[in-house]
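All ligand and atom numbering here is 1-based and tracks the order in the structure.
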Amino acid sequence: MEKAKNKKKSSAISLEQFVSTMTPLIDMEKEAEISASMSSVSTRNLDSAQKRGSTILNLKCVDAQTGLMGKTLLEFQSNKGDVLPAHKFGTHDVVVLKPNKADLGSPPLGQGVVYRLKDSSITVAFDDIPEDGLNSPLRLEKLANEVTYRRMKDTLIQLSKGVQKGPAADLVPVLFGERPPTVSKKNVAFTPFNSNLDHSQKDAISKALSSKNVFLLHGPPGTGKTTTVVEIILQEVKRGSKILACAASNIAVDNIVERLVPHRVKLVRVGHPARLLPQVLESALDAQVLRGDNSSLANDIRKEMKTLNGKLLKTKDKNTKRDIRKELKTLSKEERKRQQLAVTDVIKSADVVLTTLTGALSRKVEGTSFDMVIIDEAAQALEIACWIALLKGSRCILAGDHLQLPPTIQSVEAEKKGLGRTLFERLADLYEDEVMSMLTVQYRMHELIMNWSSKELYNSKIKAHPSVAAHKLSDLEDVKKSSTTEPTLLLIDIAGCDMEEKKDEEDSTLNEGEAEVAIAHAKRLVQSGVRASDIGIITPYAAQVVVLKMMRSKEDKLKDLEISTVDGFQGREKEAIIISMVRSNSKKEVGFLSDRRRMNVAVTRARRQCCLVCDTETVSSDGFLKRLIEYFEEHAEYLSASEYSNE
Ligand SMILES: Nc1ncnc2c1ncn2[C@@H]1O[C@H](COP(=O)(O)OP(=O)(O)OP(=O)(O)O)[C@@H](O)[C@H]1O
């Protein structure tokens, strides 16, 4: 008991401490992002910017489409070859379009949001189509996302000023350990909308419904965290609550939208249409605004203004001109008012407003308060980002798993100083089981894949649901039983096979020999009938992703095989996962492989087969990884990489 109290003390942080620690860290992180983007003064020339991935040179515009709620989608391909050069652009990034040879600081032809990314093309959504210059060679530059930082800074300022009067006035002291969390006396009974919920999900939902300020839903891999979040939202709506549902990423928000839509909840998704999944566009704020009465009134006003503008150009009489200008001014005011009303109408009438955490500070939701704020993937969000949403509600539910990877931090120093410590983790330490419930039935992995993770990270509390506990690759349609498809766990050892790691120009580690083995195993799986799209190769190192992708491009049958960093694959799953661990050196250095959260994410992406490719001698130098290898040695099919040579 005493120990628990001490622990509480050490993990408690006051609001003042939080604000003063985080303010400089946010600046550091912003600087780090800016220096990785084109806005950096250190970017002296375009070629070096392309090498660093912050610009893509020599593009041609191959397609233009309109549609996405008034946006124009332009698709670009490289003038130089089939595949775009290596770059660091991601979907949803803000980019500017310029003539290929324009000076570094020159004005752009347009600014937009990356809508779609393929190996061979990039599609960007622009508000206005650039009028000229699309027929000449072009380049795209990635911008630092300054809005996010501004919003986080604004939130820190708001916190520092005190929030005694805001909707979160009673929540803030609980989240900073000044007041204990409370629950309503009775155990809340509910009739589930989803009749398949398991006992741990029902138990968690009941606790969430009875929490008066904060509840943590701890969802280990594949345990139906989002399923549970959706049920909580439905139950809360039934009780008359107005809810703000958020996540750090757009995809996680859309995931919830998709699952709520069939229940006919009154909901609205706030966000730039280019950042939303096509299947949720109907729920988008922009789409609902366009359908509203105020919006058609605004449209009529715009038409009237157009006619007046025409008259203004024709008329020569000064007095008439003055009268028209006056009328235009009034109409313009009215048009803006109608537009705003159209937005307010939609937000007001919605029971659930869904947006990313930073989107919660958009002007569109300004002034709206909520009975409950739900944050999914909360263990992958910066604490400050969570506060953007939290300040709008009086109760909160955070869903996540602090034993998987935390948010990515660019600034090494800010990370060291605690920017990456999440609110979820902090509250889990502060209040432990008092406010937290863990889901314990998982619906993804074969038991053997799950057991290692359950024992190492979740006190052996996770059970595999019978529907997945013994499933194998060969149970899938068209998959043959073979020595490649039968094992659930495989360990391919590259020790002693002359496959030493190397560094690339950016100092990221790669291992070509190991990549060949991983690709060879993927080929064997495909030969046994496993669809390439059901296989994923994941690796901790970005340079290894590039090597693997190059090898994939030579194998037509592997076109649909997914290759990603482990960090980039969090939240996803595949029937078969091949993990390329890369490290192989005489010093036995393992770098950030030793972060148990990273290996936890890696292994638990696999549904029916997990194949570990590694140098067992190197990686066993770390205690945690040694236990992983021992687990595989005991339960996996063991093969030497030499058996894959020349394939
Ligand atoms: N009670 C249940 N009965 C049957 N299937 C379930 C149940 N709960 C969840 N599932 C299934 O398990 C899978 C994972 O669920 P969900 O997407 O909610 O998980 P998650 O925990 O959010 O995932 P992640 O591991 O990515 O965080 C889904 O296919 C879902 O349909």
Inventory of protein N or O atoms under 3.5 Å from ligand 1 N or O:
| from | atom 1 | to | atom 2 | distance (Å) |
| --- | --- | --- | --- | --- |
| ligand 1 | 1 (N) | Asn196 | O | 2.7 |
| ligand 1 | 1 (N) | Gln201 | OE1 | 2.9 |
| ligand 1 | 1 (N) | Tyr443 | OH | 3.1 |
| ligand 1 | 8 (N) | Gln201 | NE2 | 3.0 |
| ligand 1 | 17 (O) | Arg259 | NH2 | 2.6 |
| ligand 1 | 18 (O) | Thr226 | N | 3.3 |
| ligand 1 | 18 (O) | Thr227 | N | 2.8 |
| ligand 1 | 18 (O) | Thr227 | OG1 | 2.7 |
| ligand 1 | 18 (O) | Arg259 | NH1 | 3.4 |
| ligand 1 | 19 (O) | Gly224 | N | 3.4 |
| ligand 1 | 21 (O) | Gly224 | N | 3.1 |
| ligand 1 | 21 (O) | Lys225 | N | 2.8 |
| ligand 1 | 22 (O) | Thr226 | N | 3.0 |
| ligand 1 | 22 (O) | Thr226 | OG1 | 2.7 |
| ligand 1 | 25 (O) | Gly222 | N | 2.7 |
| ligand 1 | 25 (O) | Arg444 | NH2 | 3.0 |
| ligand 1 | 26 (O) | Arg444 | NH2 | 3.4 |
| ligand 1 | 26 (O) | Gly571 | O | 3.4 |

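Taking the six-membered ring for Trp and thresholds of 30 and 60 degrees, His263 and Phe193 have ring planes more than 60 degrees apart, a perpendicular arrangement.
Across all non-hydrogen atoms, the minimal contact from Ala245 to Val352 is CB-CG1, 4.2 Å. Of all non-hydrogen atoms in His218 and Leu403, the two that sit nearest each other are CE1-CD1, 4.1 Å.
Taking the side chain to side chain contact (heavy atoms under 4.5 Å, CB included) definition, one finds that Ala248 meets it with Leu357, Ala381, sequence neighbours left out. With sequence neighbours excluded, the residues satisfying side chain to side chain contact (heavy atoms under 4.5 Å, CB included) with Asp622 are Val590, Ser594, Phe624, Leu625. Take Lys549 and apply the side chain to side chain contact (heavy atoms under 4.5 Å, CB included) test, not counting sequence neighbours, and it matches Val545, Arg552, Ile563.
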